[in-house]
Amino acid sequence: MAKSILLINGVNLNLLGTREPHLYGSTTLLQVVERAQQQAKSLSIQLEAIQSNHEGIIIDRIHEARGKIDAIVINPGAFTHTSVALRDALLGVEIPFVEVHVTNIHKREPFRHHSYLSDKAEAVICGLGVYGYTAAIEYAAKHLKPKSKAQ
Ligand SMILES: O=C(O)[C@]1(O)C=C(c2cccc(Sc3ccccc3)c2)[C@@H](O)[C@H](O)C1
């Protein structure tokens with residue numbers, strides 16, 4: 001099963017917990033990452049976390065993960081609904097991934113209902129608040145195995 005997980009948070013998620021708490025809750029991204037690290041330690045897995053507002057930086061980090069990371073947990077933020085490039089990067093590195101959304105995107109504005117990633121995700125978790133990250137990491141650690149290592 002996955003021994004190394006890359007947790008990716010995309011655009012605007014640095015604002016998590018600071019604005020619109022009725023939608024996104026009051027837990028900050030720092031707290032989410034701290035909890036994820038504690039969870040990873042309890043599962044004996046390595047976890048690295050990044051957040052970026054820049055699509056290309058996220059894509060570069062996904063490329064770097066090829067052959068090194070066993071699974072990805074990603075909340076792309078608004079890139080979910082816009083980024084074919086992010087989809088292509090995830091498909092290109094052949095690393096299984098879980099898509100996470102703090103909110104239930106299907107209960108929000110119509111433009112949030114479509115994801116460029118969901119049909120390729122091993123699992124999609126949305127609407128569970130920040131617990132979605134916990135569930136995603138647990139699932140990835142116990143059910144996802146690395147695809148063939150990079151040549
Ligand atoms: O629910 C999510 O986790 C989501 O991925 C997260 C999003 C998100 C993340 C951070 C900020 C914002 S918008 C915002 C801007 C300022 C203050 C509060 C929220 C949206 C949305 O863009 C997505 O449609 C849904």
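Order of listing sets the numbers, starting from 1, for every ligand and every atom in it.
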Participant: Centroid-to-centroid, Tyr116 to His114, below 6.0 Å?
Facilitator: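 Yes - the distance between ring centres of Tyr116 and His114 falls below the 6.0 Å cut-off.
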
Participant: Taking only Lys NZ, Arg NE, NH1 and NH2, and the carboxylate oxygens of Asp or Glu, determine whether Lys142 and Glu138 approach each other closer than 4.0 Å.
Facilitator: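 Looking at Lys142 and Glu138, the cut-off is met.
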
Participant: Going through the distances and angles, do Asn53 and Glu55 end up as a side-chain hydrogen bond (donor to acceptor under 3.5 Å, both in side chains)?
Facilitator: CA-CA 7 Å; Asn53 296 322; Glu55 190 178 17; over 6 Å; no

Participant: Is any side-chain heavy atom of Tyr139 closer than 4.5 Å to one of Leu144?
Facilitator: yes

Participant: Do the side chains of Arg87 and Asp119 get close enough for a salt bridge, i.e. N-O under 4.0 angstrom?
Facilitator: yes

Participant: Could you list, one pair per line, each nitrogen or oxygen of ligand 1 together with any protein nitrogen or oxygen closer than 3.5 Å, giving atom names and the distance rounded to 0.1 Å?
Facilitator:
from, atom 1, to, atom 2, distance (Å)
ligand 1, 1 (O), Val102, N, 3.3
ligand 1, 1 (O), Thr103, N, 2.8
ligand 1, 1 (O), Thr103, OG1, 2.5
ligand 1, 3 (O), Asn75, ND2, 2.8
ligand 1, 3 (O), Val102, N, 2.7
ligand 1, 5 (O), Asn75, OD1, 2.8
ligand 1, 5 (O), His101, ND1, 2.8
ligand 1, 22 (O), Ala78, N, 3.2
ligand 1, 22 (O), Arg112, NH1, 3.1
ligand 1, 24 (O), His81, NE2, 2.7
ligand 1, 24 (O), Arg112, NH1, 2.9

Participant: In a table with atom names and distances, give each donor-acceptor pair under 3.5 Å that connects a side chain of residues 124-136 to protein atoms at least two apart or in another chain.
Facilitator:
from, atom 1, to, atom 2, distance (Å)
Tyr133, OH, Asn9, OD1, 2.5
Tyr133, OH, Asn75, ND2, 3.1

